[in-house]
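Take a look at this one; I'll ask things after.
Because the structure is a prediction, the values reported are computed rather than measured.
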Protein chains: 2
Amino acid sequence: MPDALRRFKADIFQALAHPTRIAIVEMLRDGDLPEGKLIERLGIEQANASQHLSVLRSKQIVVNRKDGNQVFYSLRSPLLIEVLDIMRRYFHAQLTETMAALGEIEKEHGAAR
Amino acid sequence: MPDALRRFKADIFQALAHPTRIAIVEMLRDGDLPEGKLIERLGIEQANASQHLSVLRSKQIVVNRKDGNQVFYSLRSPLLIEVLDIMRRYFHAQLTETMAALGEIEKEHGAAR
DNA sequence: TGCCTATATTCGAGACTTCGAATATACTGT
DNA sequence: ACAGTATATTCGAAGTCTCGAATATAGGCA
(Lines give C-alpha, C1' and ligand atoms only; values in the text may rest on other atoms or scores of the structure.)
Protein backbone atom coordinates (compact mmCIF):
# COMPACT_ATOMS: atom_id res chain seq x y z
CA MET A 1 0.00 0.00 0.00
CA PRO A 2 1.41 3.39 -0.93
CA ASP A 3 2.59 5.66 1.77
CA ALA A 4 0.25 8.47 0.71
CA LEU A 5 -2.72 6.28 1.56
CA ARG A 6 -1.34 5.54 5.00
CA ARG A 7 -0.72 9.21 5.64
CA PHE A 8 -4.26 9.97 4.58
CA LYS A 9 -5.68 7.38 6.95
CA ALA A 10 -3.50 8.65 9.78
CA ASP A 11 -4.72 12.20 9.16
CA ILE A 12 -8.36 11.18 9.29
CA PHE A 13 -7.81 9.13 12.43
CA GLN A 14 -6.05 12.08 13.98
CA ALA A 15 -9.02 14.27 13.17
CA LEU A 16 -11.34 11.75 14.82
CA ALA A 17 -9.10 11.29 17.85
CA HIS A 18 -11.11 13.46 20.21
CA PRO A 19 -14.36 12.67 22.01
CA THR A 20 -15.89 16.03 21.13
CA ARG A 21 -15.20 15.59 17.43
CA ILE A 22 -16.62 12.08 17.50
CA ALA A 23 -19.72 13.47 19.17
CA ILE A 24 -20.03 16.07 16.42
CA VAL A 25 -19.78 13.46 13.68
CA GLU A 26 -22.37 11.32 15.45
CA MET A 27 -24.72 14.27 15.82
CA LEU A 28 -24.53 14.92 12.09
CA ARG A 29 -25.36 11.32 11.27
CA ASP A 30 -28.99 12.08 10.42
CA GLY A 31 -28.63 15.43 8.73
CA ASP A 32 -27.11 18.85 9.06
CA LEU A 33 -27.22 21.09 12.11
CA PRO A 34 -26.26 24.69 12.85
CA GLU A 35 -23.24 25.20 15.04
CA GLY A 36 -25.43 26.70 17.74
CA LYS A 37 -27.31 23.42 18.11
CA LEU A 38 -24.07 21.51 18.36
CA ILE A 39 -22.75 23.84 21.04
CA GLU A 40 -25.97 23.53 23.00
CA ARG A 41 -25.92 19.74 22.96
CA LEU A 42 -22.21 19.43 23.58
CA GLY A 43 -22.19 21.87 26.45
CA ILE A 44 -18.84 23.36 25.53
CA GLU A 45 -17.49 26.86 24.85
CA GLN A 46 -18.39 28.41 21.54
CA ALA A 47 -14.73 28.99 20.63
CA ASN A 48 -13.89 25.39 21.38
CA ALA A 49 -16.69 24.14 19.15
CA SER A 50 -15.50 26.35 16.32
CA GLN A 51 -11.98 25.02 16.78
CA HIS A 52 -13.08 21.41 16.60
CA LEU A 53 -15.27 22.14 13.59
CA SER A 54 -12.31 23.80 11.97
CA VAL A 55 -10.29 20.60 12.38
CA LEU A 56 -13.07 18.53 10.81
CA ARG A 57 -13.42 21.04 7.99
CA SER A 58 -9.71 21.11 7.25
CA LYS A 59 -9.77 17.33 6.74
CA GLN A 60 -12.94 17.61 4.64
CA ILE A 61 -14.85 15.42 7.05
CA VAL A 62 -17.60 18.00 7.34
CA VAL A 63 -18.79 20.69 5.03
CA ASN A 64 -20.59 23.92 5.90
CA ARG A 65 -23.29 26.04 4.39
CA LYS A 66 -24.28 29.53 5.46
CA ASP A 67 -27.91 30.34 6.03
CA GLY A 68 -28.43 33.90 7.16
CA ASN A 69 -27.00 34.25 10.56
CA GLN A 70 -26.04 30.65 11.09
CA VAL A 71 -23.67 28.05 9.67
CA PHE A 72 -24.98 24.57 9.07
CA TYR A 73 -22.59 21.65 9.17
CA SER A 74 -23.02 18.29 7.52
CA LEU A 75 -21.04 15.10 7.02
CA ARG A 76 -19.36 14.73 3.70
CA SER A 77 -19.53 10.94 3.55
CA PRO A 78 -21.55 8.20 5.20
CA LEU A 79 -18.47 5.98 5.20
CA LEU A 80 -17.26 7.52 8.43
CA ILE A 81 -20.53 6.59 10.10
CA GLU A 82 -19.80 3.03 9.05
CA VAL A 83 -16.42 3.32 10.70
CA LEU A 84 -17.96 4.57 13.93
CA ASP A 85 -20.46 1.71 13.87
CA ILE A 86 -17.68 -0.82 13.51
CA MET A 87 -15.92 0.85 16.41
CA ARG A 88 -19.00 0.36 18.53
CA ARG A 89 -18.98 -3.35 17.72
CA TYR A 90 -15.27 -3.41 18.47
CA PHE A 91 -15.91 -1.85 21.86
CA HIS A 92 -18.49 -4.46 22.74
CA ALA A 93 -16.24 -7.28 21.57
CA GLN A 94 -13.45 -5.99 23.79
CA LEU A 95 -15.78 -5.67 26.75
CA THR A 96 -17.00 -9.23 26.27
CA GLU A 97 -13.49 -10.60 25.95
CA THR A 98 -12.31 -8.73 29.01
CA MET A 99 -15.19 -9.99 31.10
CA ALA A 100 -14.65 -13.55 29.89
CA ALA A 101 -10.98 -13.27 30.84
CA LEU A 102 -11.93 -12.04 34.29
CA GLY A 103 -14.29 -14.99 34.64
CA GLU A 104 -11.45 -17.37 33.78
CA ILE A 105 -9.21 -15.91 36.44
CA GLU A 106 -11.94 -16.24 39.02
CA LYS A 107 -12.51 -19.84 38.09
CA GLU A 108 -8.80 -20.62 38.37
CA HIS A 109 -8.58 -19.03 41.80
CA GLY A 110 -11.66 -20.90 42.91
CA ALA A 111 -10.22 -24.19 41.69
CA ALA A 112 -6.93 -23.51 43.46
CA ARG A 113 -8.67 -23.35 46.83
CA MET B 1 -24.28 7.33 23.17
CA PRO B 2 -22.42 7.24 26.44
CA ASP B 3 -19.32 9.26 26.85
CA ALA B 4 -17.21 6.22 27.74
CA LEU B 5 -17.83 4.82 24.28
CA ARG B 6 -16.74 8.05 22.65
CA ARG B 7 -13.60 8.18 24.74
CA PHE B 8 -12.86 4.60 23.77
CA LYS B 9 -13.26 5.39 20.08
CA ALA B 10 -11.11 8.49 20.41
CA ASP B 11 -8.38 6.44 22.11
CA ILE B 12 -8.34 3.84 19.36
CA PHE B 13 -8.28 6.51 16.65
CA GLN B 14 -5.44 8.20 18.47
CA ALA B 15 -3.52 4.93 18.52
CA LEU B 16 -4.07 4.56 14.78
CA ALA B 17 -3.18 8.17 14.02
CA HIS B 18 0.31 7.49 12.77
CA PRO B 19 1.43 6.11 9.40
CA THR B 20 3.89 3.71 11.00
CA ARG B 21 1.27 2.22 13.29
CA ILE B 22 -1.14 1.85 10.39
CA ALA B 23 1.59 0.07 8.46
CA ILE B 24 2.11 -2.28 11.39
CA VAL B 25 -1.58 -3.13 11.61
CA GLU B 26 -1.69 -3.73 7.87
CA MET B 27 1.36 -5.99 8.02
CA LEU B 28 -0.33 -8.11 10.68
CA ARG B 29 -3.45 -8.52 8.59
CA ASP B 30 -2.57 -12.04 7.46
CA GLY B 31 -0.97 -13.39 10.60
CA ASP B 32 1.60 -12.70 13.25
CA LEU B 33 5.13 -11.48 12.71
CA PRO B 34 8.18 -11.02 14.91
CA GLU B 35 9.20 -7.47 15.67
CA GLY B 36 12.42 -7.96 13.71
CA LYS B 37 10.46 -8.60 10.54
CA LEU B 38 8.38 -5.47 11.12
CA ILE B 39 11.48 -3.36 11.65
CA GLU B 40 13.06 -4.75 8.52
CA ARG B 41 10.03 -3.96 6.35
CA LEU B 42 9.33 -0.59 7.94
CA GLY B 43 12.92 0.58 7.69
CA ILE B 44 12.86 2.43 11.01
CA GLU B 45 14.94 2.39 14.20
CA GLN B 46 14.46 -0.55 16.53
CA ALA B 47 13.60 1.72 19.46
CA ASN B 48 11.01 3.55 17.42
CA ALA B 49 9.34 0.31 16.40
CA SER B 50 9.20 -0.83 20.00
CA GLN B 51 7.66 2.49 20.99
CA HIS B 52 4.94 2.26 18.34
CA LEU B 53 4.26 -1.35 19.27
CA SER B 54 4.00 -0.28 22.88
CA VAL B 55 1.28 2.21 21.93
CA LEU B 56 -0.66 -0.47 20.06
CA ARG B 57 -0.22 -2.89 22.96
CA SER B 58 -1.40 -0.39 25.54
CA LYS B 59 -4.65 0.03 23.62
CA GLN B 60 -4.96 -3.74 23.18
CA ILE B 61 -4.89 -3.42 19.42
CA VAL B 62 -2.09 -5.97 19.19
CA VAL B 63 -1.05 -8.80 21.42
CA ASN B 64 2.38 -10.37 21.74
CA ARG B 65 3.76 -13.81 22.31
CA LYS B 66 7.33 -14.69 23.15
CA ASP B 67 9.10 -17.41 21.23
CA GLY B 68 12.66 -17.88 22.35
CA ASN B 69 14.58 -14.84 21.38
CA GLN B 70 11.83 -13.06 19.56
CA VAL B 71 8.47 -11.49 20.21
CA PHE B 72 5.65 -12.17 17.79
CA TYR B 73 2.90 -9.63 17.39
CA SER B 74 -0.60 -10.23 16.15
CA LEU B 75 -3.83 -8.29 15.72
CA ARG B 76 -6.40 -8.81 18.44
CA SER B 77 -9.44 -8.26 16.20
CA PRO B 78 -10.19 -8.36 12.50
CA LEU B 79 -12.61 -5.47 12.97
CA LEU B 80 -9.81 -2.94 12.67
CA ILE B 81 -8.88 -4.39 9.30
CA GLU B 82 -12.45 -3.70 8.26
CA VAL B 83 -11.99 -0.12 9.41
CA LEU B 84 -8.83 0.27 7.37
CA ASP B 85 -10.58 -1.18 4.32
CA ILE B 86 -13.39 1.33 4.65
CA MET B 87 -10.80 4.08 4.93
CA ARG B 88 -9.29 2.95 1.65
CA ARG B 89 -12.70 3.25 0.01
CA TYR B 90 -13.12 6.63 1.65
CA PHE B 91 -9.81 7.77 0.22
CA HIS B 92 -10.83 6.76 -3.29
CA ALA B 93 -14.21 8.43 -2.93
CA GLN B 94 -12.52 11.66 -1.89
CA LEU B 95 -10.10 11.45 -4.78
CA THR B 96 -12.91 10.92 -7.24
CA GLU B 97 -14.94 13.80 -5.84
CA THR B 98 -11.97 16.11 -5.90
CA MET B 99 -11.18 15.27 -9.48
CA ALA B 100 -14.80 15.70 -10.49
CA ALA B 101 -14.84 19.10 -8.82
CA LEU B 102 -11.70 20.10 -10.68
CA GLY B 103 -13.36 19.02 -13.91
CA GLU B 104 -16.35 21.22 -13.15
CA ILE B 105 -14.16 24.25 -12.61
CA GLU B 106 -12.39 23.64 -15.86
CA LYS B 107 -15.68 23.35 -17.70
CA GLU B 108 -16.94 26.60 -16.20
CA HIS B 109 -13.81 28.44 -17.21
CA GLY B 110 -14.02 27.03 -20.69
CA ALA B 111 -17.68 28.10 -20.98
CA ALA B 112 -16.82 31.59 -19.79
CA ARG B 113 -14.52 32.13 -22.73
C1' DT C 1 -25.93 53.90 11.50
C1' DG C 2 -25.75 51.06 15.79
C1' DC C 3 -26.80 46.93 18.31
C1' DC C 4 -27.47 42.02 18.71
C1' DT C 5 -26.63 37.29 17.74
C1' DA C 6 -23.81 33.62 15.44
C1' DT C 7 -19.46 32.10 14.18
C1' DA C 8 -14.25 32.39 13.45
C1' DT C 9 -9.54 33.47 14.64
C1' DT C 10 -5.57 34.51 17.55
C1' DC C 11 -2.86 33.94 21.61
C1' DG C 12 -0.45 31.65 25.28
C1' DA C 13 -0.14 28.03 28.89
C1' DG C 14 -0.02 23.28 29.84
C1' DA C 15 -0.31 18.68 28.29
C1' DC C 16 0.92 15.21 25.00
C1' DT C 17 3.65 12.99 20.90
C1' DT C 18 7.57 11.66 18.33
C1' DC C 19 12.16 10.78 17.42
C1' DG C 20 17.08 8.95 18.10
C1' DA C 21 20.62 8.06 21.54
C1' DA C 22 21.72 5.57 25.33
C1' DT C 23 20.86 1.96 28.26
C1' DA C 24 18.47 -2.10 30.25
C1' DT C 25 16.61 -6.79 30.00
C1' DA C 26 16.14 -11.43 28.34
C1' DC C 27 17.13 -15.40 25.73
C1' DT C 28 20.61 -18.44 23.02
C1' DG C 29 24.71 -20.77 22.15
C1' DT C 30 29.49 -21.65 23.44
C1' DA D 1 30.21 -17.23 32.59
C1' DC D 2 30.50 -14.65 28.25
C1' DA D 3 29.24 -12.90 23.79
C1' DG D 4 25.62 -12.02 20.60
C1' DT D 5 21.05 -11.06 19.11
C1' DA D 6 16.22 -9.39 19.99
C1' DT D 7 13.34 -6.38 22.33
C1' DA D 8 12.05 -2.75 25.90
C1' DT D 9 12.63 1.44 28.50
C1' DT D 10 14.27 6.04 29.68
C1' DC D 11 15.56 10.65 28.53
C1' DG D 12 15.36 15.11 26.47
C1' DA D 13 14.50 18.12 22.51
C1' DA D 14 11.31 19.60 19.05
C1' DG D 15 6.96 19.61 17.54
C1' DT D 16 1.76 19.33 18.07
C1' DC D 17 -2.80 19.57 20.49
C1' DT D 18 -6.27 21.54 23.55
C1' DC D 19 -8.41 24.81 26.19
C1' DG D 20 -10.51 29.45 27.60
C1' DA D 21 -9.99 34.42 27.14
C1' DA D 22 -10.01 37.99 24.15
C1' DT D 23 -10.99 39.74 19.87
C1' DA D 24 -12.61 39.84 14.99
C1' DT D 25 -16.07 39.23 11.31
C1' DA D 26 -20.58 38.98 9.35
C1' DG D 27 -25.66 38.97 9.03
C1' DG D 28 -30.16 40.77 10.67
C1' DC D 29 -32.94 44.30 12.31
C1' DA D 30 -34.29 48.76 14.44
Closest to side chain of B:R21, choosing from D:dT10, C:dT7, C:dT18: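 The closest nucleotide is C:dT18.
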Kindly assign one of parallel, tilted or perpendicular to the pair B:H52 and B:H18, based on the angle between their ring planes and the thresholds 30° and 60°.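 Taking B:H18 first and then B:H52, their aromatic rings sit tilted (interplane angle of 30° to 60°).
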Does the side chain of B:H52 get closer than 4.0 angstrom to OP1 or OP2 of C:dT17 through an N or O atom?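 So the side chain of B:H52 is outside the cut-off, no N or O lying under 4.0 Å from OP1 or OP2 of C:dT17.
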Without swapping roles, check the side chain of A:R29 against the backbone of A:I81 for a donor-acceptor pair under 3.5 Å. no
Grab the CD1-P distance between A:I22 and D:dT18 for me, whole Å please. 12 Å
Can you tell me if the side-chain N/O atoms of A:Y73 get under 4.0 Å from OP1 or OP2 in C:dA8? yes
Minimum-distance nucleotide to A:P34 side chain [options: C:dA8, D:dT7, C:dT7]: C:dT7
Euclidean distance, atom CG of residue B:L16 to atom P of C:dT17 [Å, nearest integer]: 14 Å
Among C:dT7, D:dA8, C:dC19, which nucleotide has an atom closest to any side-chain atom of B:N48? C:dC19
Give me each pair satisfying salt bridge (Lys or Arg N to Asp or Glu O under 4.0 Å) with a member in residues 47-71 of chain A, each pair once, sequence neighbours excluded.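 Listed once each, the pairs are A:D32-A:R65.
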Whole Å only: how far is the CG atom of B:L53 from the C1' atom of C:dC19?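 So the two atoms are 15 Å apart, to the nearest Å.
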So how far is it from B:I12 CD1 to B:L56 CG, rounded to the nearest 0.5 Å? 9.5 Å
Given that B:V71 and A:H18 both sit by DNA chain D, which one's nearest nucleotide is further toward the 5' end? B:V71
In whole Å, I'd like the distance from the CG atom of B:L56 to the P atom of C:dT18. 11 Å
A:S54 (side chain) donor-acceptor with A:S50 (main chain) under 3.5 angstrom: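 Between the backbone of A:S50 and the side chain of A:S54 there is no qualifying donor-acceptor contact (under 3.5 Å).
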Flag the pair B:V63 / B:S74 as yes when at least one side-chain heavy-atom distance between them is below 4.5 Å, and no otherwise.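 Touching, per the 4.5 Å side-chain cut-off.
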At less than 3.5 Å, do the side-chain atoms of B:Q14 and the base atoms of C:dT17 form a donor-acceptor pair? no
Determine, stepwise, if the pair A:F8 / B:I22 fulfils side-chain contact (heavy atoms from CB on, under 4.5 Å). CA-CA 10 Å; A:F8 174 82; B:I22 292 181; over 6 Å; no
Measuring only between side-chain heavy atoms, which start at C-beta, is B:D11 closer than 4.5 Å to B:R7? no
Grab the CG-C1' distance between A:N64 and C:dT7 for me, whole Å please.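 Going from A:N64 (CG) to C:dT7 (C1'), I get 10 Å.
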Closest approach to the side chain of A:Q51, judged atom by atom: which nucleotide of D:dC11, C:dT7, D:dA21 is it? D:dA21
Between C:dT7 (P) and A:D32 (CG): distance, integer Å: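 Rounded to whole Å, this separation is 13 Å.
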Its contact letters, B for base, S for sugar-phosphate only and - for none at protein heavy atoms under 4.0 Å, make nucleotides 25-30 of chain C read --BS--
So that I can tick it off, tell me whether B:E26 and B:R88 are bridged by a salt bridge, with the cut-off set at under 4.0 angstrom between side-chain N and carboxylate O.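 The answer is no: the pair does not qualify as a salt bridge.
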Does anything in residues 37-47 of chain B reach DNA chain C, meaning a heavy atom under 4.0 Å, and if so which residues? B:E45, B:A47
Side chains of A:Y73 and A:I24: closer than 4.5 Å at any heavy-atom pair? no
Distance, rounded to the nearest Å, where B:F72 contributes CZ and D:dA8 contributes P: 13 Å
